Structure formats: structure tokens, C-alpha cells
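Predicted, not measured: the structure shown is a model, and the values here were computed from it.
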Amino acid sequence: TTPPGVVMGLAWTSMGGSALYIESVVESIVESTAESTGANSGGGGGFHGQLHTTGQLGDVMKESSVLAYTFVRSLLHRRDPANTFFSSRAIHLHVPEGATPKDGPSAGVTMATALLSLALSRPIRADVAMTGELTLTGRVLKIGGLKEKTIAARRSGVKRILFPKANVADWEDLPANVKEGIEGCPVEWYDQVPPLVGLDG
């Protein structure tokens, strides 16, 4: 069982696919003042909370983390306007194996899910992994390396993989032995994700 704020993502590296946990924790309680700034140097005046990232992330992945943070704040506000979790907390998001440089946009959905899990204080299903680029409006965009990522998920005991709907043809082309025992869940919008990982309701 993983704690709230921890989600398994799937990466594509020069060595093939790999499964890695994206971790988020509350670093501290922050003052809710109008002068506070938002995520990283990406800023965003008016945001009271803060986001700190580590794990030797490249520029694209850093942008993905800021985008995921902004998106989940907006999502939480729409669903529960009384929830002030992000406006009063500094969040630390970490991608382990800090000695390994990482970049690319495909962790966006995973980062958003880690932050949502943390905000709701609810763990996601331990047998779920995901990959997908996230846009600011919640669309899930196509990624590369689905075969390698699925093989990595199998090695990690994953039973359900969330991937972009635009990758359905790639999923269908995978050999049966690669997909055996794994439920593939294509998603087009982020709103489809929470029910699939145990964060809905």
C-alpha cells in the first residue's frame, strides 16, 4: 500500500521502460497572504501555496510539475470550493533516483494524481500505474514508449495502466503476452482518472 501523495508513473529511458514513484508531501504550512507566489519560479501571482520539486528534473518536466500543480488546484476548487489545502501549504514533489536526469512531458498525469491524492489525504490503488502528458485544461496527450512502459509495469506487479486515448492503437498492437493480466484504461480527459485509481466520491 502506498501512502497518500505517492503514485507510480512509467518512464521511457535509453535503457527501456521503468516504473518510478512520484512522491509528494506537505513541507510546511504557509501564510495565506496576497503577496505569496505560486509554483516554483513559474510563479502565478495570487497563489498562496508553494511547490518545491526535486529529483534532477529537466526543464520540460519542471514545467509539467507546475502545470499539474495549477491544474489540480483548479480541479479541487471546482469540486470543493471550501477546500483550502493548497492555499495554506508548501508542497514538496520528488521523483526518486535523484542521480538520474529526467525530462519529458509524460509524467504530467502522474504528478497531478500524486498532488490530488495528497490534497484528499487518500491513497490510490497500489496496483495502478499511469503515463500521459497533461494540458492546463485537463486533456491527456499522446506519449511514446508504451510497449517499454507496459513491460516495466508488468515487472512491478501492476494490474491497471492508464494511458492517453490517443495511444489506443499502440496498446492494441502490443503482443498478448505483454498485456496479459493488465487492464489498459485509455483516458482523454483528466476527469476520467480519479474513478480509475480510487480517488472518486
Student: Test side chain to side chain contact (heavy atoms under 4.5 Å, CB included) on Leu199 and Ser117 and set out the steps.
Tutor: CA-CA 7 Å; Leu199 289 180; Ser117 169; 4.1 Å; yes
Student: Short question: side chain of Ser64, backbone of Ala107 - any donor-acceptor pair under 3.5 Å?
Tutor: no
Student: Has Ser121 got a side-chain atom pairing as donor or acceptor with Leu118's backbone, closer than 3.5 angstrom?
Tutor: no
Student: Carefully, step by step, assess Glu183 and Lys159 under the rule side chain to side chain contact (heavy atoms under 4.5 Å, CB included).
Tutor: CA-CA 6 Å; Glu183 179 188 6; Lys159 300 299 182 187; over 6 Å; no
Student: With a 6.0 Å cut-off (strictly less than), is the heavy-atom count around NZ of Lys147, excluding the residue itself, greater than 12?
Tutor: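 No, the 6.0 Å shell around NZ holds no more than 12 heavy atoms from other groups.
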Student: Kindly assign one of parallel, tilted or perpendicular to the pair Phe71 and Tyr190, based on the angle between their ring planes and the thresholds 30° and 60°.
Tutor: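 Taking Tyr190 first and then Phe71, their aromatic rings stand perpendicular (interplane angle over 60°).
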Student: Within the distance-only criterion (no hydrogens, no angle test), does the side chain of Arg122 pair as donor or acceptor with the backbone N or O of Gly198 below 3.5 angstrom?
Tutor: yes
Student: Leu136 and Leu76: same hydrophobic cluster, using ILVMFWY side-chain contacts below 4.5 Å?
Tutor: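 In one cluster with Leu136: Leu76, yes.
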Student: Can you establish whether the number of heavy atoms outside Glu63 located under 6.0 Å from its atom CD is more than 12?
Tutor: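 Atom CD in Glu63 is not packed in, count stays at 12 or less.
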Student: Tell me whether Arg89 contacts the main-chain N or O of Glu27 through its side chain, where contact means a donor paired with an acceptor under 3.5 Å.
Tutor: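 No, Arg89 side chain to Glu27 backbone: no donor-acceptor pair under 3.5 Å.
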Student: Between Val60 and Ile143, is there shared hydrophobic-cluster membership here, with clusters defined by ILVMFWY side-chain heavy atoms closer than 4.5 Å?
Tutor: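 No, Val60 and Ile143 fall in different hydrophobic clusters.
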Student: Find out whether Met130 and Val7 are in side-chain contact, i.e. whether some heavy atom of one side chain is under 4.5 Å from a heavy atom of the other.
Tutor: yes
Student: Taking atom types as modelled and ignoring hydrogens, do the side chains of His92 and Thr54 form a donor-acceptor contact shorter than 3.5 angstrom?
Tutor: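 Note: His92 and Thr54 side chains meet the donor-acceptor criterion.
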Student: Grouping I, L, V, M, F, W and Y whenever their side-chain heavy atoms are under 4.5 Å apart, do Leu146 and Val128 come out in a common cluster?
Tutor: no
Student: Does the side chain to side chain contact (heavy atoms under 4.5 Å, CB included) test come out yes or no for Phe163 and Val140, once each step is laid out?
Tutor: CA-CA 8 Å; Phe163 60 86; Val140 180; over 6 Å; no
Student: Taking it one step at a time, do Lys149 and Ser18 satisfy side chain to side chain contact (heavy atoms under 4.5 Å, CB included)?
Tutor: CA-CA 6 Å; Lys149 292 175 178 181; Ser18 67; over 6 Å; no
Student: Without swapping roles, check the side chain of Lys102 against the backbone of Gln56 for a donor-acceptor pair under 3.5 Å.
Tutor: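 The answer is no, because no donor-acceptor pair under 3.5 Å joins these two groups.
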Student: Taking the side chain as every heavy atom from C-beta outward, state whether Pro4 and Pro123 have any pair of such atoms under 4.5 Å apart.
Tutor: yes
Student: State whether the number of non-hydrogen atoms from other residues, nucleotides or ligands found under 6.0 Å of Asp59 atom CG is greater than 12.
Tutor: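 No.
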Student: Looking at Arg73 and Tyr69, would you say the former's side chain and the latter's main chain have a donor-acceptor pair under 3.5 Å?
Tutor: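 Such a contact is absent between Arg73 side chain and Tyr69 backbone.
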Student: Answer with yes or no whether the side chains of Arg154 and Thr150 bring together a donor and an acceptor at under 3.5 Å.
Tutor: no
Student: When you compare the side chain of His94 with that of Ser24, does any pair of heavy atoms fall below 4.5 Å?
Tutor: no
Student: Membership question, hydrophobic clusters at under 4.5 Å side-chain separation (ILVMFWY): are Val6 and Val109 in the same one?
Tutor: no
